[in-house]
Amino acid sequence: MIALLVIGFVILAGWQIPYLVRKRWWRELIVFSALWSAGFILSVMLSMGITLPPITTIINKSITGLLGM
Amino acid sequence: MLLEKGRISNFQLLILIMGFVSGTFSLMTPGQDAGHDAWVAIVLGLMEGLCIAWIFTNLSRKFPDKTIIEINTLVYGRYLGKCISILFIWYLFHISAIVLSIFSTFLNVEIYHFTPKAVILLCMMLVCASTVNRGIEVLARLSLILVIISITLICLETLLLITHMDLKNLLPVMDIPVNKLLWVSHSVATNPFGEVVVFLMVFAFVDHPKKRFSTVALAMITAGSFLLIIIARNSMVLGQAALTSNFPTYLAVHMIDLGDILTRAEVVVAIDSIIMVLVKVSVLFYGTVMGVAQLFDLHSYRPLILPIGILMVIFAMTNFGNMIEMFAFVNKGHVLYAVPFQIGIPLITLIVARLRGLPPKWEVEN
């Protein structure tokens, strides 16, 4: 599973990064790399069975708890 | 910098908004918590939704060729403007992930019992990414076809269910405490009508800014009428069962049985959900990538489509611990969570722009 993920992410980077470098779009490259890294790290964590915190449930509990609903 | 070269007409905007609003009620039926008084909640919710629309269309009319990200920078200055824009982009991203969560749960529970959610989400995300990559014009043209299909399916389902309807299931009227009715109607106003605020990322690419409110209002009223038909139909067919079901439309259409020839028609609801969620997620996705691109002054939003799409899928998979938490958020937390984004940001921005005399008169004249 992790190998598949790595292949997918490498293909994505190999497809986008040369295009951005050729165009000299450095800012796009930085934003793309940041988002790509976040996506890669979180995907690997998920595929390793690490449970990520359910953000919306946390938001819901905070709102309902704060207002005593 | 102009990131979008395409332009759409007011009619295309109208259809796009109709498709966007239908994206919600093709899956769930907002207002169902009010039981057989759901139709009253829808009417009240629609009226509140129109008030919300008045606020953000007024803001957009003041700055006709600017998205909310550009408006924020202009009104609040570079740093505060960007901070507020980040909040707005987060909202679009978050709502998109929530819609995908609900959609994948629906398909997982009702049809694809053994298919991993990740597969369903990735398939949907790839189609949406492809649509967004082609720009707003293609999205608008696509929505026209899909909305026509969706309306046809809704009319067909309703016609085939006529024999199962019992008018008594709508009685007694106003049998619900007023505070509960107001809560449910506010919930309808925030989801789906208030969510049209995402079009603050699209209005800049629409012709004839003066007709903006009338277009949005017409789209909301038309979509609201279809929602009203679906809610009344579900209540008449299912009675009290409509209250306990998570996906009442799916359950109601399951009742269709035309002389043992036409059965299991509920799959039509699934088709309707898939095509309308495609429109809704694509609009939210477009708003998110366009927002991020404008936030960082990029040349194009296209390189961001796939990485943001992947993050959306991850969020959609981990948004909720289980289905009960999902419905708890939709019925409780979201009703208040949405207010700062749907009413707060546009209203405060509109007031600050008025106070600061923005946009300058020479710019308006030009």
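Side-chain atoms are counted along with the backbone in the values below, which use heavy atoms only and exclude waters and symmetry mates. Naming: A, B, ... by sequence-line order, numbering from 1 per chain.
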Grab the two heavy atoms, one from [X] and one from [Y], that are nearest each other, plus how far apart they are.
X	Y	answer
B:Pro307	A:Leu35	CB-CB, 3.6 Å
B:Ile310	A:Ser43	CG2-OG, 4.1 Å
A:Glu28	B:Ser300	OE2-N, 4.0 Å

* Taking atom NZ of A:Lys61 as the centre, report whether more than 12 heavy atoms of other residues, nucleotides or ligands fall under 6.0 Å from it. => no
[atom1] of [X] to [atom2] of [Y]: how many Å apart, nearest 0.5 Å?
X	Y	atom1	atom2	result
B:Arg302	A:Phe32	CZ	CZ	15.5 Å
A:Ile41	B:Ile314	CD1	CD1	10.0 Å
B:His299	A:Lys23	NE2	NZ	9.0 Å

* **Under 4.5 Å from a heavy atom of chain A, the part of B:Val313 involved** => neither
* To do: For A:Ile30 and B:Phe296, run side-chain contact (heavy atoms from CB on, under 4.5 Å): C-alpha distance rounded to whole Å, both residues' side-chain angles, the deciding distance at 0.1 Å, then the answer.
  => CA-CA 10 Å; A:Ile30 294 168; B:Phe296 293 105; over 6 Å; no
* Asked: chain B: which of A:Ile58, A:Thr64, A:Thr57 shares the most heavy-atom pairs with it under 4.5 Å?
  -> A:Thr57
* For chain B, which of A:Leu29, A:Thr56, A:Ile59 has the most heavy-atom pairs under 4.5 Å? -> A:Thr56
* chain A neighbours within residues 88-102 of chain B, where any heavy atom lies under 4.5 Å away -> B:Trp90, B:His94, B:Ile98
* **Residues of residues 315-337 of chain B with any heavy atom under 4.5 Å of a heavy atom in chain A** => B:Phe315, B:Met317, B:Thr318, B:Asn319, B:Phe320, B:Gly321, B:Glu325, B:Ala328, B:Phe329, B:Lys332, B:Gly333, B:Leu336, B:Tyr337
* To do: Please collect all ring pair (Phe, Tyr, Trp, His ring centres under 6.0 Å) contacts where either partner lies in residues 37-69 of chain A, sequence neighbours excluded, each pair once.
  => A:Phe9-A:Phe40, A:Trp36-A:Phe40
* Which bit of A:Leu42 comes within less than 4.5 Å of chain B, counting heavy atoms only: side chain, backbone, both or neither? -> both
* Heavy-atom distance under 4.5 Å to chain B: side chain of A:Ile55, backbone, both or neither? -> both
* Asked: Do any of residues 1-8 of chain A have a heavy atom less than 4.5 Å from a heavy atom of chain B, and if so, which, in residue order?
  -> none
